[in-house]
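Mind looking over this structure? Questions follow.
Here is the naming used below: chain letters follow the sequence lines, and residue numbers restart at 1 for every chain. Here the structure is a predicted model, which means the values were calculated and not measured.
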Amino acid sequence: MTSIRGRLFFLLSLFAGTTLTLSWVTYSSFKSFMDMRRQLELSYQMRDEVQDVAALKPSTDLFRRMQSYRSRLQPQRRQDEFSNLIQSINEANPGPLRERHKVFLKNEAEFQRYTRDQLNYLEKKLLYYGSLAIFIMILGFFGLQLFISRSVIRPIHDLSRKMVDFLHDRYTYQFSVPTTDEVGQMQSTFNSLAQRVISNMEQLKTLDQAKSEFLSIASHELRTPLTSIKGSLSLMRSGVVGTMNEMADNLLTIAENETDRLIRLINDILDLAKIEARKLPLHQDWHSFTDLVKTSLESLQGLAGQAGVHLQSDPLPAMEAYMDSDRVQQVLTNLLSNAIKFSPKGQTVHVHCEVNDSNELVVTVRDHGRGIAPEDQEAIFQKFRQATNSRNPLVKGTGLGLAIAKALVDQHGGEIGVRSVPGEGSSFYFTLPEWRYNQARAALPKLEKAA
Amino acid sequence: MRVLLAEDDLNISIIAKISLEKLGGYDVTVVSDGESALNEALSQKYDLILLDEMMPKMNGIKVCQEYKARVTSEPKPVIFLSAKSQDSDIREFIDNGTGFIPKPFDPRKLPQQIADLLKASVG
């Protein structure tokens, strides 16, 4: 029997069959017990009626009563004897009547003795079968419970525990399949599922490894030739090969600029790939955020001067953030250099810090450039997407800066975004969830609440 | 001033050699693997040793350690060139040698970087 259903059906049939048989036996015993008791009572009554042979005179009344007795007598033999007795009474011949009467009483006494014995025996039999029926019912009840518990409830419980184990990352778990029934099938199905999950995980691990290998090979193989190109160009520019004419100089400038751009692009792509593959761990600690803003602004003064754009920051309280300061600086520098590139000459780029409702630090870089159309506002954070119609000659980005910034801010648990009205400028902002005022200089002004 | 340059990438070694000779006025000898670097260094014909970290046969750190262990007279200053930029790597370079120049270097600034490092080690 391989299925729980089959075994359950078999057990229930056995149980029902046994119970029915026992019930039938008990019922029929009880029925014959009652029949016999009636016959015995009848026999006593009848004997009382015909006890005195002298009183047995033929009369209509007597014959009617005797007929009623006769019809109820069992078995046939007793009816016949009783018929003979009635006939003798009817003939009213005292000699044969006395003889008949004697025989009849003797026979009836024998019948009574026999019936009493039978009744005793049937009583014991009833008691025995009744007890047996009750016993079997109790046994069946516990048996069924045991069967269901052992073959259904316990394996399901076991399986659910293993599933929970599996859920909690114990991926190497192997399940033994002890049975071939429904629960066993469930276990083996689960085994197959687990196997598939494990093999998928392994596949993912292999892919991840391949990706890492690709990253490290790509970063080495792409950078090495570029380093030589850049070095050579740099030496030519230094004048070691002699003075160059204007045309050579122009060509050299193109080569140098494009090499720089290629290096930036490769660095950006590899950076982004590393961040996305989670191969670029953050070195997070408490660092001065105030200093970070200052350093970023200083490092971009050159670019701002070139573009004729002013850089400005609110006076900041001394504060720290839990961050990888190199990476956050990369984000801020990216937003600032974008703002500078897109600002018209003579305008100001403004850095502003505040606290939002969730008590996060919000850093905003505001420019007075052309602004970004609403349909572009999400796209610019995607890879290789820049706002349409950017014809500014200073704009020579890789198209990856904001995608990297977004990945880095995400990694810090923050948020990055833009608010812009076309024609009026843009405000790029990012948030840092973990920050605090510098304890040592707590007396400085606090940040304002964001509107 | 005579300089031993150990660098396995031919292009980089040419660029560095031109930079050091034309812009820095050094006299440069180039070797391209760790073993030759160690042998040349042990001859003590040079005033300065520039070691790339990743080289065939023996890496830069190992060359430096062997050189310092086996040289009989006063060891010459050793400067590492490496693309490795983690704090732990840089510490290892500084602990073993006189200084460290990150790769990729700018050939226009290389002689000045070396001069600065030498000055700092003397001072």
Discussion item. Only heavy atoms, only distances under 4.5 angstrom. Which residues in residues 61-80 of chain B are near chain A?
Written reply: none
Worksheet item: Any luck finding a side-chain donor-acceptor pair between B:Arg108 and A:Ser238 under 3.5 Å?
Response: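 Distance-only check fails for B:Arg108 and A:Ser238.
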Worksheet entry | Exceeds 12 heavy-atom contacts within 6.0 angstrom, atom CD of A:Glu246 | no
Discussion item. Run the ring pair (Phe, Tyr, Trp, His ring centres under 6.0 Å) test against B:Phe100 and tell me which residues pass, sequence neighbours left out.
Written reply: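 Scan of B:Phe100 (ring pair (Phe, Tyr, Trp, His ring centres under 6.0 Å), adjacent residues dropped) gives B:Phe93.
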Practice prompt. Using a cut-off of under 4.5 Å on heavy-atom pairs, state which of A:Leu226, A:Thr224, A:Val240, A:Ile263 scores highest against chain B.
Written response: A:Val240
Worksheet item: Does B:Phe105 have any ring pair (Phe, Tyr, Trp, His ring centres under 6.0 Å) partners at least two apart in sequence or in another chain, and if so, which?
Response: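 Ring pair (Phe, Tyr, Trp, His ring centres under 6.0 Å) check on B:Phe105 returns nothing, list empty.
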Item to complete: For A:Lys406, look at atom NZ and say whether over 12 heavy atoms of other residues, nucleotides or ligands are found less than 6.0 Å away.
Response: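 No, not enclosed.
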Discussion item. So if I take each residue of residues 6-28 of chain B and look for any heavy atom under 4.5 Å from a heavy atom in chain A, which residues do I end up with?
Written reply: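 Those residues of residues 6-28 of chain B which have a heavy atom under 4.5 Å from chain A are B:Asp9, B:Asn11, B:Ile12, B:Ile15, B:Ile18, B:Ser19, B:Lys22, B:Leu23.
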Worksheet item: If you measure from OG1 on A:Thr227 to CG on B:Asp106, what distance do you get to the nearest 0.5 Å?
Response: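 It is 11.5 Å, given to the nearest 0.5 Å.
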Discussion item. Under a 4.5 Å cutoff for heavy-atom pairs, which residue among A:Lys230, A:His283, A:Arg237 has the most contacts with chain B?
Written reply: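 Winner by heavy-atom pair count: A:Arg237.
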